[in-house]
Amino acid sequence: MMKEDRRNRKRKRGKRGQKPAASPPPPSGDDASFAKHKSGNSSSVSALQSKTISKPNKTSSFIDKMRARLSGGHFRMINEKLYTCSGDEALNYFKQDPQLFSVYHAGYQEQMSHWPDQPVNIMIKWLKDHDPSFVVADFGCGDARLSRSVKNKVFSIDLVSNDPSVIACDMSDTPLGSSSVDVAVFCLSLMGINYPSYLQEAHRVLKPGGWLLIAEVKSRLDPNTGGADPVKFVKAVCELGYTSVLKDFSNKMFVLLHFKKKDKQKLQGREIDWPELKPCIYKRR
């Protein structure tokens, strides 16, 4: 009997020494509210983790910015070169490193993306509004977008050809036959100090009554900003053997000039006085 009392006392002492298991605090409100509260906390944690994971890498962002600046600087260098050299010099320049042509046109497209209107779209619309049988020569075609956008037969001409449809040559000496095209297009492509020779070549390949369409950066034909006198420029083109049909200065970025080739060319007793077109040089950053 005494042994049994001792065992009972030991069991009681053991129970008094044990710590009771902690029970979770009861949820406030009903079970649905508590579950919603827990779910909301989990969503917040997940959202925070997601934001942390998707946070852009500062190093990568900096490298991308530096690449963009270097690319922009390379474009401006090439652009200045093209405006201040002759056509054959530009041709040799790209022959030495054809990749520069791609760099230039990537920069060109980036610059054009900031213009509210694209002059090439106006050229495309003009062609769509006229006879689809017109044969077109696109001088300085770039990515040959015009040829891909119209039903006309288009001879795309530029200094370098990254496309089998583009004729690579100096624009003052093309392989096109005399009086073989109905429309000659110069869309921001009267670059180079010998630009009159490009217009002379266009006159050679155009049929009598053919169209000469020019879109040019407005500042190049604005005497107030150091550009050429537009009246003098139009007069020089007309002396080459054209009639002026349209002079549109309404766009703030570029000028549109349309001419028609005369049926009969009068012999000129003097040389044409071509104005110097201001180089379109972007500011260095």
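Being a predicted model, the structure only gives us computed values, none of them experimental.
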Next item on the list: Is it possible for you to check whether Lys153 lies under 6.0 Å from the centre of the six-membered ring of Phe155, through NZ or CZ, and within 45° of that ring's axis?
Entry: yes
Notebook entry, point to check: Any chance CD of Glu276 has more than 12 other-residue heavy atoms, nucleotides or ligands included, within less than 6.0 Å?
Noted result: no
Item checked: Close side-chain approach of Arg145 to Asn121, heavy-atom, < 4.5 Å -> yes
Next item on the list: Start with the C-alpha gap between Lys207 and Lys261, add the side-chain angles, then the distance that decides, and say whether side-chain contact (heavy atoms from CB on, under 4.5 Å) holds.
Entry: CA-CA 7 Å; Lys207 299 174 183 177; Lys261 182 179 177 180; over 6 Å; no
Check: Given side chains that start at C-beta, do those of Arg148 and Asp143 come closer than 4.5 Å, heavy atoms only?
Finding: yes
Check: Which atom names give the shortest non-hydrogen contact between Ala228 and Leu277, and what distance separates them?
Finding: CB-CD2, 3.9 Å
Next item on the list: Supply the atom-to-atom distance Ser250 OG to Leu256 CG, rounded to the nearest 0.5 angstrom.
Entry: 7.0 Å
Note to self: Does any part of the side chain of Leu240, heavy atoms only, come nearer than 4.5 Å to the side chain of Phe259, both counted from C-beta?
What the structure shows: no
Margin query: To the nearest 0.5 Å, what is the distance between CD1 on Ile193 and CD on Glu89?
Written below: 6.0 Å
Notebook entry, point to check: Are Phe254 and Val231 connected in the hydrophobic side-chain network, where two residues link if heavy atoms are under 4.5 Å apart?
Noted result: no
Check: So, Ser156 side chain and Asp138 main chain: donor-acceptor pair closer than 3.5 Å or not?
Finding: no
Check: Closest approach of Asp158 and Val166, non-hydrogen atoms and distance?
Finding: N-CG1, 4.1 Å
Next item on the list: Would you please classify the geometry between the Phe186 ring and the Phe139 ring as parallel, tilted or perpendicular, with 30° and 60° separating the classes?
Entry: parallel
Notebook entry, point to check: Is the backbone of Gly227 close enough, under 3.5 Å, to the side chain of Asp222 for a donor and an acceptor to pair up by distance?
Noted result: no
Next item on the list: Starting at CG of Asp273, measure out to CD of Glu239 and round the result to the nearest 0.5 Å.
Entry: 8.0 Å
Next item on the list: Apply the test side-chain contact (heavy atoms from CB on, under 4.5 Å) to residues Val185 and Trp126: give CA-CA distance (whole Å), side-chain angles for both, the deciding distance (0.1 Å), then the verdict.
Entry: CA-CA 11 Å; Val185 173; Trp126 189 96; over 6 Å; no
Checklist line | Least distance between heavy atoms, Ile157 atom then Met171 atom | finding: CG2-CG, 4.2 Å
Checklist line | Inter-residue atom distance Glu216.CD - Ser219.OG, 0.5 Å rounding | finding: 8.5 Å
Next item on the list: Report the distance from atom NZ of Lys128 to atom CE of Met123, rounding to the nearest 0.5 Å.
Entry: 15.0 Å
Notebook entry, point to check: So which heavy atom on Leu146 is nearest to which on Val136, and how close?
Noted result: CD2-CG1, 4.4 Å
Check: Can you list the steps and then say if Leu212 with Leu199 is a side-chain contact (heavy atoms from CB on, under 4.5 Å)?
Finding: CA-CA 9 Å; Leu212 171 64; Leu199 295 173; 4.2 Å; yes
Item checked: Exercise: identify the closest heavy-atom pair between Lys252 and Lys218 -> O-CD, 3.7 Å
Next item on the list: May I ask you to test the Cys141-Ser147 pair for a side-chain heavy-atom distance under 4.5 Å?
Entry: no
Item checked: Lys278 side-chain N/O to Thr225 backbone N/O, donor-acceptor pair under 3.5 Å -> yes
Note to self: Angle between ring planes, Tyr195 versus Trp274, binned at 30° and 60°: parallel, tilted or perpendicular?
What the structure shows: perpendicular
Notebook entry, point to check: Going by heavy atoms in the side chains, are Trp211 and Lys260 under 4.5 Å from each other?
Noted result: yes
Next item on the list: Consider only side-chain heavy atoms of I, L, V, M, F, W and Y, link residues closer than 4.5 Å, and tell whether Tyr242 and Ile272 are in one cluster.
Entry: yes
Item checked: Minimum-distance pair of heavy atoms, taken over all atoms of Ser172 and Glu201 -> O-OE1, 3.6 Å
Check: To the nearest 0.5 Å, what is the distance between CD1 (Ile214) and CG (Leu246)?
Finding: 11.0 Å
Notebook entry, point to check: Checking side-chain contact (heavy atoms from CB on, under 4.5 Å) for the pair Val150/Phe134: CA distance, chi angles, key distance, verdict?
Noted result: CA-CA 11 Å; Val150 298; Phe134 279 170; over 6 Å; no
Check: Does a side-chain heavy-atom distance below 4.5 Å link Pro230 with Pro223?
Finding: yes
Note to self: Please check: side-chain N/O of Lys151 versus main-chain N/O of Pro132, any donor-acceptor pairing under 3.5 Å?
What the structure shows: no
Notebook entry, point to check: Is the closest side-chain heavy-atom distance between Leu257 and Leu221 below 4.5 Å?
Noted result: yes
Margin query: For Leu176, is there any backbone N or O sitting under 3.5 Å from a side-chain donor or acceptor partner on Arg204?
Written below: yes
